[in-house]
Q: 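This is the structure I want to talk about, given as structure tokens.
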Amino acid sequence: DSGVTQTPKHLITATGQRVTLRCSPRSGDLSVYWYQQSLDQGLQFLIQYYNGEERAKGNILERFSAQQFPDLHSELNLSSLELGDSALYFCASSVGDRANSPLHFGNGTRLTVT
Amino acid sequence: SQQGEEDPQALSIQEGENATMNCSYKTSINNLQWYRQNSGRGLVHLILIRSNEREKHSGRLRVTLDTSKKSSSLLITASRAADTASYFCATPPLSGAGGTSYGKLTFGQGTILTVHP
């Protein structure tokens, strides 16, 4: 058990809708990262937050947004959903804000857009 | 584009055999990390090797790093059916000062390892 909790585990929704994915990091970790995993694109880094502040941005679409709250949990909001947004969305956490320590991954949220 | 590329894409072996996976990357790195992913689950960190290290061991895992060739290998000895998973290498970006930048770990496409009992 990595200590990272993601909810929900599965999400099925229709095109055009908006969903929110939630992540609770491992106790003591201040950084939260969001990744998208699909068969054709592999694991794509979306965004990183550290202690409430955005630290790094990757291939995150404008339709997607994220935030990290004072209690350090994070939410990833996906709006105007398209079929191509169907993927596994992972949250990971680490102690620091640099990529020089291991990332601890949750078990992901599987999003299906129909 | 992916920073790390694993080779082979898929590997099928019998229990007890050794499994070797390779990773090549394109830019200078401060460290390289290996992760395992069981089907449909989150990634699990296996080992981190720093750029000034050439070899690192953890249990049945042995990782080598050759910065001159921009490559790394992961060796799993005496494999077990439970080792069946996808294995990814991941590299972080360097900051302008040569240290590790913020946490944008870039993952390769992975090697799918199947260990037959």
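Letters A, B, ... are given to chains in the order of the sequence lines, protein chains preceding strands, and every chain is numbered from 1.
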Q: Indicate if B/L74 and B/Y25 have the same hydrophobic cluster label, given that clusters are the connected sets of ILVMFWY residues with side-chain heavy-atom separations under 4.5 angstrom.
A: yes

Q: What verdict does the side-chain contact (heavy atoms from CB on, under 4.5 Å) test give for B/L43 and A/Y35, after you've listed the backbone C-alpha separation in whole Å, the side-chain angles of each residue and the deciding distance to 0.1 Å?
A: CA-CA 11 Å; B/L43 282 77; A/Y35 280 85; over 6 Å; no

Q: Are more than 12 heavy atoms, taken from residues, nucleotides or ligands other than B/I112, located less than 6.0 Å from that residue's CD1 atom?
A: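 No, the 6.0 Å shell around CD1 holds no more than 12 heavy atoms from other groups.
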
Q: Are more than 12 heavy atoms from other residues, nucleotides or ligands located less than 6.0 Å from atom CD of B/Q14?
A: yes

Q: What heavy-atom pair brings B/G40 and A/R110 nearest, and what distance separates the two atoms?
A: CA-NH2, 4.3 Å

Q: Identify whether A/L11 and A/L81 are in the same connected component of the hydrophobic contact network (ILVMFWY, side-chain heavy atoms under 4.5 Å).
A: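 Yes, A/L11 connects to A/L81 through the hydrophobic network.
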
Q: Give the minimum heavy-atom separation between B/Q109 and A/G42, together with the two atoms involved.
A: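 Minimum heavy-atom separation between B/Q109 and A/G42: OE1-CA, 3.8 Å.
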
Q: Does atom CG of A/L39 have more than 12 heavy-atom neighbours from other groups under 6.0 Å away?
A: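 Counting neighbours around CG of A/L39, 12 or fewer heavy atoms of other residues, nucleotides or ligands fall under 6.0 Å, so no.
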
Q: Within a reach of under 6.0 Å around CZ of B/R80, are more than 12 heavy atoms found that belong to other residues, nucleotides or ligands?
A: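 Open: at most 12 neighbouring heavy atoms sit under 6.0 Å from CZ of B/R80.
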
Q: For residues A/Y33 and B/L105, determine if any side-chain heavy atom of one lies less than 4.5 Å from a side-chain heavy atom of the other.
A: no

Q: Kindly compute the distance separating CZ (A/F105) from CZ (B/R41), expressed to the nearest 0.5 Å.
A: 14.5 Å

Q: Heavy-atom distances under 4.5 Å only: say whether A/Q37 touches chain B with side chain, backbone, both or neither.
A: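 Only the side chain of A/Q37 comes within 4.5 Å of chain B.
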
Q: Would you mind checking which part of A/S94 comes under 4.5 Å of any heavy atom in chain B, side chain (CB onward), backbone (N, CA, C, O), both or neither?
A: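 Neither part, no heavy atoms under 4.5 Å.
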
Q: Looking at side-chain heavy atoms only, is the closest gap between A/N100 and B/R50 below 4.5 Å?
A: yes

